[in-house]
Amino acid sequence: MILEIKSILKSYNPREGNVIDSIDLRIKKGAIVSLLGESGSGKTTLARLIAGLEVPDGGEMILDGNVVANHSILVPPQRREVGMVFQDYALFPHMTVLENVGYGIAQSTEKKDRIEQVLNLVGLQDFGYRFPHQLSGGQQQRVALARALAPSPKVLLLDEPFSNLDTSLKRQLRAEIFQIIRKSGVTAIFLTHDTQDAMAVSDKIIVLQNGRIIQEGTAKELYESPVNPYIANLFGPIVKFSAEDLTQFSFEGDPSKTYAIRQHNFEVNPAKKTPYTIEVSIEKSTYLGDIYLNQATLSNKKTILFTSSLKCEDQIRLGFSAHSLLIFK
Ligand code: ADP
């Protein structure tokens, strides 16, 4: 393990409770891990604790086999070998690319080679004498990455690095940046509120809510077996059902459980083999390009939204298969 976090606690103001509430985490060397959570869930605070920019109120942190924080030890940021890439790149505007990238490397005979090596890695070997304002946003992002990688950090933290970009540029840059990270072999922790970003780049996703980890796993594990409706909904809109709601589809549920179906997993006028169906009137069928978003109301007044590839007629049979039912305690 390159990083082990044990029962870490942090509060900024004791009256407001813990912002990081007993987090345990183990990250393997070379892994790319996403910390996924909405704004205020504690991502930045956890990253700052790892970097040594915040002092924990309790717990222990071990980086590459050495304790960097516990009740008696606190290793300062500059001795942790943790790199950071920020949302706004934070390049030094009056320094060239070469100077920016060399900033965090100690003077030595290898310094020049190392700068050249990381500039090659990010594909900017011909841009060394430019200033940040002479580069595109994507190039600046790569300089920021090169600067963070230059001192060979043990862990690289990336705090929402794509949140300022529009979607098409973001997808391309995201692919480029994570290809470089993968190639460099560094262990990376990527902070994001965007589930798609987390799914696209990481080996493991850790979902944070109110300073706690509520689930961790691969994208597939979280998508297929979310532990609660909140997590299910992060991976695409769901419709929640009680066991009683489901009796209308002729499904015998367990009243102690909650159920959900993803909006795209309903079947319109399904073949006989879909066992659970109901007749519904369509109140609205909205064209959204690839799909239609439809609205219907069950006889107990519950409104459901679901998608279909074709426009729905006024009256349809709506069904689902048992395998698309998500079940929660
Ligand atoms: P995220 O990065 O997921 O948006 P943060 O770690 O920034 O979450 O914030 C978690 C909580 O801690 C929020 O409620 C935020 O208001 C609070 N917080 C963050 N930084 C400070 C600070 N320096 N002083 C007081 N409260 C803070």
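Whatever order the structure lists ligands and atoms in, that order sets their numbers, starting from 1. We count residues from 1, following the sequence as given. Quick caveat: nothing in here was measured; it's all calculated off a predicted structure.
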Protein contact to [atom] [nearest heavy atom, distance to 0.1 Å]:
atom: atom 5 (P) of ligand 1; result: T45 OG1, 3.7 Å
atom: atom 4 (O) of ligand 1; result: G40 N, 2.7 Å
atom: atom 7 (O) of ligand 1; result: T44 CB, 3.6 Å
atom: atom 23 (N) of ligand 1; result: Y12 CE2, 3.7 Å

Is the shortest side-chain N to carboxylate O distance from [X] to [Y] below 4.0 Å?
X: D159; Y: K43; result: no
X: D21; Y: R212; result: yes
X: K220; Y: E224; result: yes
X: R80; Y: D64; result: no

Number the atoms of ligand 1 from 1 as they appear, then name those within less than 4.0 Å of a heavy atom of [X], with their elements.
X: K43; result: 1 (P), 2 (O), 3 (O), 4 (O), 6 (O), 8 (O)
X: S39; result: 4 (O)
X: E38; result: 3 (O)

Side chains of T192 and D194: any donor to acceptor distance under 3.5 Å?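 There is no such pair between these side chains.
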Determine if the distance from atom 1 (P) of ligand 1 to the closest protein heavy atom is below 4.0 Å. yes
Atom 25 (C) of ligand 1 within contact range, any protein heavy atom under 4.0 Å: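 Yes, there is one.
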Using the test salt bridge (charged side-chain N to carboxylate O under 4.0 Å, His left out), find all partners of R130 that sit at least two apart in sequence or belong to another chain.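 R130 satisfies salt bridge (charged side-chain N to carboxylate O under 4.0 Å, His left out) with no other residue.
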Please work out which of the three classes, parallel, tilted or perpendicular, describes the rings of Y223 and F235, given edges at 30° and 60°. perpendicular
Check V19 against ligand 1 and report side chain, backbone, both or neither, counting heavy atoms closer than 4.0 Å.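 It is the side chain that touches ligand 1; the backbone stays farther off.
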Polar contact flag for G42 and ligand 1 (N/O pairs, less than 3.5 Å): yes
Run the side-chain donor-acceptor check on residues 316-329: report pairs under 3.5 Å with partners two or more places apart or on a different chain.
unit_1 : atom_1 : unit_2 : atom_2 : d
R317   : NH2    : P270   : O      : 2.8
S321   : OG     : E267   : OE2    : 2.7
S324   : OG     : S321   : O      : 2.9

